[in-house]
Enquirer: 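Quick one: structure below, then a few questions.
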Amino acid sequence: MRKIRILTYIFLVILFSSPFLGASNTYIRNKSVIYLEKRDSIPAIGIDSLAKDSLILRQDSIHQDSINEKKPILEAIVNFKAKDSIVIMGNNTAYLFGDGDILYNTPTPIKLNAENIRMSMDSNIVTATFGLDSIGKEFGYPVFHDGSTEYESKSMRYNFKTKKGFSQTTITQQGEGHVTSEISKMNPDQTAYAAGVKYTTCDHPHPHFYMHLTKAKIEPGKRITTGPAYLVIEDLPL
């Protein structure tokens, strides 16, 4: 009897509580749907705005990168040849052996001739040196032409893009005089700064007399501006 009474109480509790449980589940389900709808609506707006921003960025990148044409590294064509051989390495470096010749076809052509030349195609720098024969005698000194100016040196490094160069033991003709410098730096305007300069009108390979210029600025066809200088006769400084 007692068991029947307990079961009856349980049945009544379940019967009266089921509507409340259904209502609460419906409320939670509806609330979650509304929440999901709100979450779905927020990213939609964000995606549209991001899409517009990405389109703007993509247009800007296209305008800056692909439409603007890159300027060429050099303004003119460089022609080069060698009497013996030309070796082109994988690092964009070319070696010219045996009477190498390089011509830079600008309005004022620039020309370099030497026994051995190394040319870097990435940095536009050429390095030229002399050669040695079977008995160790030097030959094929680098000769550089820039317009009407000619330089002869034992070694030279020149940049075709910046038009700057560096040379050692350089000989050039200035009017009726010969100028020999131990170290010289060439500038784009064809002027040169030099150290250890000898200026003479004697055409002997080893001049009998000369003016020794400790440092000088050489302007081809115009003037030579010097620092301290002194006269040397028969290798005797005065």
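What's counted below: heavy atoms across the whole structure, side chains too, no hydrogens, waters or symmetry copies.
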Enquirer: Which pairs count as ring pair (Phe, Tyr, Trp, His ring centres under 6.0 Å) when at least one residue sits in residues 165-192, sequence neighbours excluded?
Expert: none
Enquirer: Are the side chain of T172 and the backbone of E150 linked by a donor-acceptor contact shorter than 3.5 Å?
Expert: yes
Enquirer: So do L103 and V78 actually touch side chain to side chain, heavy atoms under 4.5 Å?
Expert: no
Enquirer: So which heavy atom on P207 is nearest to which on C202, and how close?
Expert: CA-SG, 4.0 Å
Enquirer: Are I233 and L213 linked, directly or through intermediate hydrophobic residues, by side-chain heavy-atom contacts shorter than 4.5 Å (ILVMFWY only)?
Expert: yes
Enquirer: How many angstroms lie between CZ in R118 and CD1 in I125, if you round to the nearest 0.5 Å?
Expert: 9.0 Å
Enquirer: Answer whether the closest heavy-atom distance between the side chains of V197 and I224 falls below 4.5 Å.
Expert: no
Enquirer: Taking it one step at a time, do F97 and V87 satisfy side chain to side chain contact (heavy atoms under 4.5 Å, CB included)?
Expert: CA-CA 8 Å; F97 298 102; V87 179; 4.1 Å; yes
Enquirer: Once rounded to the nearest 0.5 Å, what's the spacing between atom CG of L96 and atom CD1 of I102?
Expert: 5.5 Å
Enquirer: Evaluate the side chain to side chain contact (heavy atoms under 4.5 Å, CB included) criterion for residues Y158 and M186: first the C-alpha distance (whole Å), next the side-chain angles of each, then the deciding distance (0.1 Å), finally the verdict.
Expert: CA-CA 9 Å; Y158 185 79; M186 294 175 287; 4.2 Å; yes
Enquirer: Quick one: are F139 and F130 in side-chain contact, heavy atoms under 4.5 Å?
Expert: no
Enquirer: Measuring from atom NZ of K222 to atom NZ of K217, what distance do you get when rounded to the nearest 0.5 angstrom?
Expert: 9.5 Å
Enquirer: Any sub-3.5 Å donor-acceptor pair from D133's side-chain atoms to G136's backbone N or O?
Expert: yes
Enquirer: With the side chain counted from C-beta on, respond yes when Y193 and I218 share a heavy-atom pair under 4.5 Å apart, and no when they do not.
Expert: no
Enquirer: Any donor-acceptor pair under 3.5 Å linking the side-chain atoms of T93 with those of S120?
Expert: no
Enquirer: Any heavy-atom pair between the side chains of V126 and L112 that's under 4.5 Å?
Expert: yes
Enquirer: Does the side chain to side chain contact (heavy atoms under 4.5 Å, CB included) test come out yes or no for V179 and I171, once each step is laid out?
Expert: CA-CA 6 Å; V179 180; I171 302 173; over 6 Å; no
Enquirer: Run the side-chain hydrogen bond (donor to acceptor under 3.5 Å, both in side chains) check on S155 and T129 step by step: do they pass?
Expert: CA-CA 5 Å; S155 64; T129 58; over 6 Å; no
Enquirer: Is there a path of hydrophobic side-chain contacts, each under 4.5 Å between heavy atoms of I, L, V, M, F, W or Y residues, that connects F80 with Y104?
Expert: yes
Enquirer: Not counting sequence neighbours, list each pair that qualifies as a side-chain hydrogen bond (donor to acceptor under 3.5 Å, both in side chains) and has a residue in residues 199-214.
Expert: H206-D235
Enquirer: Which residue pairs pass the salt bridge (Lys or Arg N to Asp or Glu O under 4.0 Å) test with at least one member in residues 174-195, sequence neighbours excluded?
Expert: none
Enquirer: Within the structure provided, determine whether S153 and T169 are in side-chain contact (heavy-atom separation under 4.5 Å).
Expert: no
Enquirer: Between S184 and T170, which heavy-atom pair has the shortest distance, and what is it?
Expert: OG-OG1, 3.4 Å
Enquirer: Rounded to the nearest 0.5 Å, what's the gap from CG on D146 to CD1 on I110? Could you check?
Expert: 4.5 Å
Enquirer: Should F160 and I88 be regarded as members of a common hydrophobic cluster, given that ILVMFWY residues are connected when their side-chain heavy atoms come within less than 4.5 Å of each other, either directly or indirectly?
Expert: yes
Enquirer: Side chains of N92 and D122: do they bring a donor and an acceptor to under 3.5 Å?
Expert: yes
Enquirer: Are the side chains of H145 and Y151 in contact, using a 4.5 Å heavy-atom criterion?
Expert: no
Enquirer: Give a yes or no on whether Y141 and I117 share a hydrophobic cluster (residues Ile, Leu, Val, Met, Phe, Trp, Tyr; joining criterion: side-chain heavy atoms under 4.5 Å apart).
Expert: no
Enquirer: Are M121 and M89 linked, directly or through other ILVMFWY residues, by side chains that come within less than 4.5 angstrom of each other?
Expert: no
Enquirer: Roughly how far apart are N116 CG and L132 CG, rounded to 0.5 Å?
Expert: 8.5 Å
Enquirer: Can you see whether T191 engages E219 through a side-chain donor-acceptor pair at a distance of less than 3.5 angstrom?
Expert: no
Enquirer: What is the distance from atom CE of M211 to atom OG1 of T226, rounded to the nearest 0.5 Å?
Expert: 7.0 Å
Enquirer: Does any part of the side chain of Y95, heavy atoms only, come nearer than 4.5 Å to the side chain of I86, both counted from C-beta?
Expert: no
Enquirer: Evaluate side chain to side chain contact (heavy atoms under 4.5 Å, CB included) for D99 paired with D84, printing each intermediate quantity in order.
Expert: CA-CA 7 Å; D99 195 17; D84 186 2; over 6 Å; no
